[in-house]
Number of protein chains: 2
Amino acid sequence: MSRRFVAAAAQLGPIQREDSRASVVARMLALVEQARRRDVRFLVFPELALTTFFPRWYFEREEELDAFYERAIPNADVAPLFEAAKAAGIGFHLGYAELSETGAGVVRHNTAILVSPDGEIALKYRKVHLPGHREHEPQFPFQHLEKRYFTRGDLGFPVADFLGGKAGILICNDRRWPEAFRCLGLQGVELVAIGYNTPQHYPRAPEHDRLQDFHNHLSLQAGAYQNGTYVIGAAKAGLEGGCELIGGSCVVAPTGELLAVAATRGDELVAAEIDLDRCAEIKANIFNFKLHRQPQEYGRLVEGTGQ
Amino acid sequence: MSRRFVAAAAQLGPIQREDSRASVVARMLALVEQARRRDVRFLVFPELALTTFFPRWYFEREEELDAFYERAIPNADVAPLFEAAKAAGIGFHLGYAELSETGAGVVRHNTAILVSPDGEIALKYRKVHLPGHREHEPQFPFQHLEKRYFTRGDLGFPVADFLGGKAGILICNDRRWPEAFRCLGLQGVELVAIGYNTPQHYPRAPEHDRLQDFHNHLSLQAGAYQNGTYVIGAAKAGLEGGCELIGGSCVVAPTGELLAVAATRGDELVAAEIDLDRCAEIKANIFNFKLHRQPQEYGRLVEGTGQ
């Protein structure tokens with residue numbers, strides 16, 4: 001299989017609370033069709049791509065919350081996406097809210113998967129770095145209740161053989177943490193799919209609102225460069241539920257260079273040709289981990305446990 | 001002590017092999033005088049600031065190599081620098097090659113120190129991430145023999161109380177490794193001094209020569225942002241011993257923004273006002289380590305040992 005192909009972010013514009021999954025999937029199908037015409041082989045949809053970004057609201061009633069989760073993937077709503085991608089020979093990344101019934105009760109994760117061009121799920125990841133807060137904070141114009149609505153991911157930072165290379169997933173806030181990127185890099189990752197929903201306004205430090213796009217690209221570019229991997233970042237963007245989300249979906253080279261960047265905050269295909277063999281330029285040289293890392297000096301990085 | 005003051009990189013242009021330490025210190029004194037006039041309180045000189053970047057040559061004879069090392073700091077050559085900085089009330093960072101006589105013989109480190117405005121050494125660090133190679137590689141136009149000429153640092157990644165804040169040091173290649181920045185960040189660092197000697201030409205991957213300045217700033221900006229710390233990067237720059245070194249000395253804010261950047265590859269003061277209290281904007285929010293890091297997931301980062 002050639003390791004040189006076209007990869008793309010499938011940025012989605014806003015999804016309102018009243019929008020049906022069917023209407024969202026119809027928009028995704030239009031992007032798959034654009035991707036097919038542009039010979040895309042890998043297409044990255046955003047985090048929580050099937051609904052509005054619901055952690056911005058505090059829900060009293062569990063039934064209200066449940067409406068945003070998937071009990072199985074694929075399901076009837078997303079089956080047309082799986083079918084269209086398979087028909088086009090396109091592998092894709094999809095983020096969604098996952099609800100599992102376990103012996104201990106309902107468990108909720110912020111989850112993403114890689115689906116091979118043959119329609120099989122090749123990798124599943126559950127978000128480790130849940131941002132935001134657990135309790136209702138009504139003093140702010142919107143909430144960021146990921147710590148309330150999701151359990152921390154329990155699958156580690158896995159990678160999979162995918163499209164002739166090693167692929168991994170990070171989700172939104174994970175991308176800001178070099179530890180997360182490095183856990184993938186140490187497994188030889190060459191292609192990282194990252195979906196995100198990032199508000200332009202950060203209520204706790206509004207003086208940084210102007211920097212949201214810069215911080216997004218800085219994190220993605222540093223993670224790509226410092227691990228010698230391609231990164232595809234896909235935003236859900238635009239004014240959604242009264243909250244403006246940044247765009248900036250992009251394809252980043254293992255040199256950290258931006259190969260393609262979104263020009264809108266709407267539905268948009270952001271495509272670039274990539275060549276997984278170019279990862280070696282970085283991995284074999286400046287970031288040759290075996291020659292140059294000094295793990296015995298990094299003990300502080302693993303002290304303690306997260307909240 | 002006010003935590004708001006002017007900090008600066010004291011970029012040095014090239015130092016040739018025949019240049020005496022006295023001539024280098026004379027250039028440093030001119031920069032101290034400029035800094036005094038601009039009310040600078042903290043001044044960062046480059047890595048190995050007292051001599052040419054000698055690891056570019058393979059030396060057969062130990063005496064030739066020894067000529068580039070300091071047996072004590074301060075010594076007669078650098079005493080005028082210590083005196084002038086103290087008289088001006090300026091704290092500074094100085095990188096130098098350190099030769100220690102131990103029971104086991106001579107040990108060589110790539111070392112840097114922070115010197116308080118009262119002339120006392122407040123912090124000493126020995127470079128952990130030694131780049132380059134151990135053996136002579138005559139097929140290349142110049143060498144990068146840091147792995148041959150230095151022993152890996154044995155002081156960890158220390159921080160010190162300095163100028164009213166927490167300060168640390170990284171040296172050159174350390175800045176590319178997020179692990180090194182994080183070891184300082186986890187100790188609450190607010191100000192990181194980083195000297196570097198970075199060739200424009202990278203013989204193992206010359207297709208990246210055009211990216212050296214970008215990679216320098218990407219690493220410094222990501223390290224600053226992801227740890228909520230000011231970073232002062234100071235280059236030795238320009239055509240030195242037949243090898244062009246990048247400049248780009250800079251002051252980086254805890255937001256990752258470049259507050260000041262060198263305009264030349266010569267001796268140049270690169271100054272900006274900083275306010276250590278602004279580190280909290282990042283440290284208390286997006287990079288609140290206690291709330292958001294997940295160390296139990298990072299086990300891979302400390303597996304193995306360096307070469």
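Letters go in sequence order (proteins before strands), and every chain restarts at 1.
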- Message: Let's test your reading of the structure: which of B:His208, B:His133, B:Glu297 forms the most heavy-atom pairs below 4.5 Å with chain A?
- Response: B:His208
- Query: Side chains of B:Arg126 and B:Asn110: do they bring a donor and an acceptor to under 3.5 Å?
  - Reply: no
- Can you check whether A:Trp177 reaches B:Arg293 side chain to side chain, under 4.5 Å on heavy atoms? yes
- Query: Can a salt bridge be assigned to the pair B:Glu135 and B:Arg148 using a cut-off of 4.0 Å between side-chain N and carboxylate O?
  - Reply: yes
- Within residues 248-255 of chain B, which positions have a heavy-atom distance to chain A below 4.5 Å? B:Thr255
- Task: Kindly say whether A:Asp275 contributes a backbone atom to a donor-acceptor pair with the side chain of A:Tyr230 at under 3.5 angstrom?
- Result: yes
- Task: Check each atom of A:Leu218 against the heavy atoms of chain B and say whether the ones under 4.5 Å are side chain, backbone, both or neither.
- Result: both
- Item | A:Glu240/A:Arg56 under salt bridge (charged side-chain N to carboxylate O under 4.0 Å, His left out): CA gap, chis, key distance, verdict | CA-CA 10 Å; A:Glu240 189 186 272; A:Arg56 76 170 61 90; 2.7 Å; yes
- Message: For A:Glu190 and A:Lys283: C-alpha separation, side-chain torsions, deciding distance, then whether salt bridge (charged side-chain N to carboxylate O under 4.0 Å, His left out) applies.
- Response: CA-CA 10 Å; A:Glu190 298 170 304; A:Lys283 289 183 194 291; over 6 Å; no
- Query: Short question: side chain of A:Gln143, backbone of A:Glu137 - any donor-acceptor pair under 3.5 Å?
  - Reply: yes
- Task: Evaluate the side-chain proximity of B:His292 to A:His129: yes if any heavy-atom separation is below 4.5 Å, no if none is.
- Result: no
- Item | Heavy-atom pair count under 4.5 Å with chain B, highest-scoring of A:Phe289, A:Phe214, A:Phe157 | A:Phe214
- Where does B:Arg278 contact chain A at under 4.5 Å (heavy atoms): side chain, backbone, both or neither? side chain
- Message: At a heavy-atom distance under 4.5 Å, which candidate from A:Ile282, A:Leu291, A:Asn288, A:Asn173 has the highest pair count against chain B?
- Response: A:Leu291
- Message: Check this for me: does any side-chain nitrogen of one of A:Glu47 and A:Lys127 sit under 4.0 Å from a carboxylate oxygen of the other?
- Response: yes
- Donor-acceptor under 3.5 Å (A:Ser100 side chain, A:Thr102 main chain): no
- Query: Of B:Ile113, B:Thr111, B:Thr151, which meets side chain to side chain contact (heavy atoms under 4.5 Å, CB included) against B:Glu98?
  - Reply: B:Thr111
- Under 4.5 Å from a heavy atom of chain A, the part of B:Gln226 involved: side chain
- Output, in order, the C-alpha distance, side-chain angles, deciding distance and verdict of ring pair (Phe, Tyr, Trp, His ring centres under 6.0 Å) for B:His144 and B:Phe53. CA-CA 9 Å; B:His144 202 118; B:Phe53 186 73; 5.2 Å; yes
- Task: Compute whether any side-chain donor of one residue and acceptor of the other, for B:Arg176 and A:Tyr225, lie under 3.5 angstrom apart.
- Result: yes
- Message: With a 4.5 angstrom heavy-atom cut-off, is it the side chain or the backbone of A:Arg210 that approaches chain B, or both, or neither?
- Response: side chain
- Using a cut-off of under 4.5 Å on heavy-atom pairs, state which of A:Asn285, A:Val128, A:Leu130 scores highest against chain B. A:Asn285
- Message: Salt bridge check, B:Arg182 against B:Glu179: does any charged N sit closer than 4.0 Å to a carboxylate O?
- Response: no
- What pairs of residues pass the salt bridge (charged side-chain N to carboxylate O under 4.0 Å, His left out) test when at least one of them lies in residues 165-175 of chain B, not counting sequence neighbours? B:Asp161-B:Lys166
- Query: Taking non-hydrogen atoms and a cut-off under 4.5 angstrom, which of residues 191-207 of chain A neighbour chain B?
  - Reply: A:Tyr202, A:Arg204, A:Ala205, A:Glu207
- Query: Where on A:Phe181 is there a heavy atom nearer than 4.5 Å to chain B: the side chain, the backbone, both, or neither?
  - Reply: neither
- Spell out the residues in residues 300-307 of chain A that have some non-hydrogen atom less than 4.5 Å away from a non-hydrogen atom of chain B, in order of number; otherwise answer 'none'. A:Arg300, A:Leu301, A:Val302, A:Glu303, A:Gly304, A:Thr305, A:Gly306, A:Gln307
- Between the side chains of A:Arg152 and B:Gln294, does any donor sit under 3.5 Å from an acceptor? yes
- Item | Sub-4.5 Å side-chain heavy-atom contact between B:Leu123 and B:Val159 | no
- Answer yes or no: is there a donor N or O on one side and an acceptor on the other, between the side chain of A:Asn227 and the main chain of A:Thr229, under 3.5 Å? no
- Query: Who wins among A:His215, A:Lys147, A:Gln187 for the most heavy-atom pairs under 4.5 Å with chain B?
  - Reply: A:His215
